[in-house]
Engineer: 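Quick one: this structure, given as structure tokens, is what I'll be asking you about.
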Amino acid sequence: MTAPVRDALAARLRAAGSVFAEDEADLLLEAGDGDAVRLRALVQRRLGGEPLEYVLGWAAFDGHRLRVTPGVFVPRARTTVVVEQAARRLHRYDRVVDLCCGAGAISVALLGRVGALDLVAADIDPAAVDVAAENIGDRGIVVAGDLFAPLPDRFRGLVDVIAVNAPYVPTGSIPMMPSEARDHEHRVALDGGVDGLDLHRRIASGAGEWLRPGGAVVIEVSAAQAPTSAAVFEAAGLAVAVESDDEVDGTCVVATRPA
């Protein structure tokens, strides 16, 4: 594709509000694969406000391209703080649960960083489960259900790390989210209840049953919510620390079962 075509497409994207218009133009041209009709359809979807990841059919995360479909939570770079903290606590073949797995981003990243794992990913959204199963393939098991309910009994009391990106947006804050999230991602992937920490409380109350002694929950949260989330896990008998990565603007609580 010629530079004038690329420049013209970038100009259209920029006029529609794209901050990274040139990068988006390159990705759309790649996805169009020389087919003008296909490219036109992709561009119209993007100009109509559909998230770029849904238009392309994939999202970038921790060096991987992950399949995503409309409605499924699009992985954010800030979640790599969970990957980093989980990976440093893992060895090959350890038992891992990716809870509220969405597209399976944390699972795929951990497999890439650590190697083979005894991994189970779970989500309550059937669409997310289907996509995660595609992304993870035969490297783990993907199950559908509410938090710990669908996990295999063989994991009980033996999990090394429970890695989590549970919904933590307060219900009242969802209307203030960017349109690409609030209007396109499934509500179940965003809504964390009145203060955003409903799922954190439920996970804290159940995690001890699944973790081995010395095992840890690594759960994403906002910086403002971190002290409250940490207190919730501490009240459940876990030793807590708050970890941050300024480079990706990510924060997580690490809650460890006493050895």
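Starting from 1, each residue takes its place in the sequence as its number.
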Engineer: Should V240 and V161 be regarded as members of a common hydrophobic cluster, given that ILVMFWY residues are connected when their side-chain heavy atoms come within less than 4.5 Å of each other, either directly or indirectly?
Structural biologist: no
Engineer: Is V217 close to L211 at the side-chain level, that is, under 4.5 Å between some pair of heavy atoms?
Structural biologist: yes
Engineer: Please identify which of these residues, E24, E53, E50, meets the salt bridge (charged side-chain N to carboxylate O under 4.0 Å, His left out) condition with R45.
Structural biologist: E50
Engineer: Check step by step if salt bridge (Lys or Arg N to Asp or Glu O under 4.0 Å) holds for D160 and R212.
Structural biologist: CA-CA 6 Å; D160 295 283; R212 65 163 175 80; 2.4 Å; yes
Engineer: Salt-bridged, R6 to E22, with N to O below 4.0 Å?
Structural biologist: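 So R6 does not pair with E22 through a salt bridge.
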Engineer: Sort out for me which residue in T251, T80, T79 forms a side-chain hydrogen bond (donor to acceptor under 3.5 Å, both in side chains) with E220.
Structural biologist: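 Going through T251, T80, T79 one by one, the side-chain hydrogen bond (donor to acceptor under 3.5 Å, both in side chains) with E220 is satisfied by T79 alone.
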Engineer: Indicate yes or no for a side-chain donor-acceptor contact from E185 to the backbone of V74 under 3.5 Å, with no hydrogens or angles considered.
Structural biologist: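 Checked: pair present.
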Engineer: Kindly indicate, with the supporting measurements, whether the criterion side chain to side chain contact (heavy atoms under 4.5 Å, CB included) is fulfilled by F148 and E209.
Structural biologist: CA-CA 10 Å; F148 300 106; E209 180 181 350; over 6 Å; no
Engineer: Applying a strict under-4.5 Å side-chain criterion to I, L, V, M, F, W and Y, I'd like to know whether L47 and L29 cluster together.
Structural biologist: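 Yes, it is one cluster - the side chains of L47 and L29 are joined through contacts under 4.5 Å.
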Engineer: So, for A31 and L56, which heavy atoms are closest and what is the spacing to 0.1 Å?
Structural biologist: CB-CD2, 3.8 Å
Engineer: Is a side-chain N or O of R65 found less than 3.5 angstrom from the main chain of F61, in a donor-acceptor match?
Structural biologist: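 No, R65 side chain to F61 backbone: no donor-acceptor pair under 3.5 Å.
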Engineer: To the nearest 0.5 Å, what is the distance between CH2 (W210) and CZ (R156)?
Structural biologist: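 If I round to the nearest 0.5 Å, the distance is 4.0 Å.
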Engineer: Does any part of the side chain of L199, heavy atoms only, come nearer than 4.5 Å to the side chain of Y168, both counted from C-beta?
Structural biologist: no
Engineer: Please determine if R89 and D94 form a salt bridge, counting it only when a charged side-chain N lies under 4.0 Å from a carboxylate O.
Structural biologist: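 D94 and R89: not salt-bridged.
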Engineer: Looking only at non-hydrogen atoms, find the nearest pair between H184 and P51 and report the distance.
Structural biologist: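 H184 and P51 have their closest heavy atoms at CG-CD, 3.5 Å.
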Engineer: For E180 and G49, work out which heavy atoms get closest and say how close.
Structural biologist: CG-O, 4.1 Å
Engineer: Would R67 count as a cation-pi partner of W58, with NZ or CZ less than 6.0 Å from the six-membered ring centre and within 45° of the ring normal?
Structural biologist: no
Engineer: Would you check if V43 and L9 make a side-chain contact, meaning some heavy-atom pair closer than 4.5 Å?
Structural biologist: yes
Engineer: Are the side chains of Y54 and R46 in touch, meaning some heavy atoms are under 4.5 Å apart?
Structural biologist: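 No, their side chains stay 4.5 Å or more apart.
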Engineer: Do I141 and L111 share a hydrophobic cluster, counting only Ile, Leu, Val, Met, Phe, Trp and Tyr and linking them when any side-chain heavy atoms are less than 4.5 Å apart?
Structural biologist: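 Different clusters: I141 never reaches L111 through Ile, Leu, Val, Met, Phe, Trp or Tyr contacts under 4.5 Å.
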Engineer: Would R154 and D118 pass as an ion pair if we require N to O under 4.0 Å?
Structural biologist: yes
Engineer: Is D245 salt-bridged to R78, going by a charged N under 4.0 Å from an acidic O?
Structural biologist: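 No salt bridge links D245 with R78.
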Engineer: Within the 4.5 Å heavy-atom criterion, are L28 and R38 side-chain neighbours or not?
Structural biologist: no
Engineer: Going by heavy atoms in the side chains, are L66 and P75 under 4.5 Å from each other?
Structural biologist: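 In contact.
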Engineer: Answer with yes or no whether the hydrophobic clustering places L147 together with V159; edges join I, L, V, M, F, W, Y residues whose side-chain heavy atoms lie under 4.5 Å apart.
Structural biologist: yes
Engineer: Between Y93 (side chain) and G115 (backbone), is there a donor-acceptor pair under 3.5 Å?
Structural biologist: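 Side chain of Y93 to backbone of G115, a donor-acceptor pair under 3.5 Å: no, none is there.
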Engineer: Please say yes or no: joined through hydrophobic side-chain contacts below 4.5 Å, possibly via intermediate residues, are V253 and V169 part of one cluster?
Structural biologist: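 Different clusters: V253 never reaches V169 through Ile, Leu, Val, Met, Phe, Trp or Tyr contacts under 4.5 Å.
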Engineer: Please find the pair of heavy atoms, one from P227 and one from A224, that lie closest to each other, and give the distance.
Structural biologist: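 Closest heavy-atom pair between P227 and A224: CD-O, 3.6 Å.
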Engineer: Just wondering, are more than 12 heavy atoms of other shown residues or ligands nearer than 6.0 Å to CG in D249?
Structural biologist: no
Engineer: Quick one: do D98 and V120 satisfy side chain to side chain contact (heavy atoms under 4.5 Å, CB included)? Show the steps, please.
Structural biologist: CA-CA 6 Å; D98 179 359; V120 176; over 6 Å; no
Engineer: Tell me which one of L197, D146, V232 satisfies side chain to side chain contact (heavy atoms under 4.5 Å, CB included) with R202.
Structural biologist: D146
Engineer: Kindly indicate, with the supporting measurements, whether the criterion side chain to side chain contact (heavy atoms under 4.5 Å, CB included) is fulfilled by I219 and V82.
Structural biologist: CA-CA 7 Å; I219 185 166; V82 174; over 6 Å; no
Engineer: Could you tell me whether the side chain of F233 reaches within less than 4.5 Å of the side chain of H200, counting heavy atoms only?
Structural biologist: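 Yes, close enough: below the 4.5 Å cut-off.
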Engineer: Go through R201 and D195 one step at a time and tell me if the salt bridge (Lys or Arg N to Asp or Glu O under 4.0 Å) criterion holds.
Structural biologist: CA-CA 11 Å; R201 293 183 182 90; D195 69 348; 2.5 Å; yes
Engineer: Cation-pi check for F73 against R76: NZ or CZ below 6.0 Å from the six-membered ring centre and within 45 degrees of the axis, yes or no?
Structural biologist: yes
Engineer: Please test R92 against L117 for side chain to side chain contact (heavy atoms under 4.5 Å, CB included), starting from the C-alpha separation and ending with a verdict.
Structural biologist: CA-CA 6 Å; R92 286 171 62 88; L117 294 163; 5.9 Å; no
Engineer: Is there a donor-acceptor contact under 3.5 Å linking the side chains of S222 and Q225?
Structural biologist: yes
Engineer: Work out which heavy atom in G102 is nearest to a heavy atom in A132; give both atom names and the distance.
Structural biologist: O-CB, 3.4 Å
Engineer: Between V129 and D125, is there a side-chain heavy-atom distance shorter than 4.5 Å?
Structural biologist: no
Engineer: Keeping the roles fixed (side chain from R113, backbone from A87), state whether a donor-acceptor pair exists under 3.5 Å.
Structural biologist: no
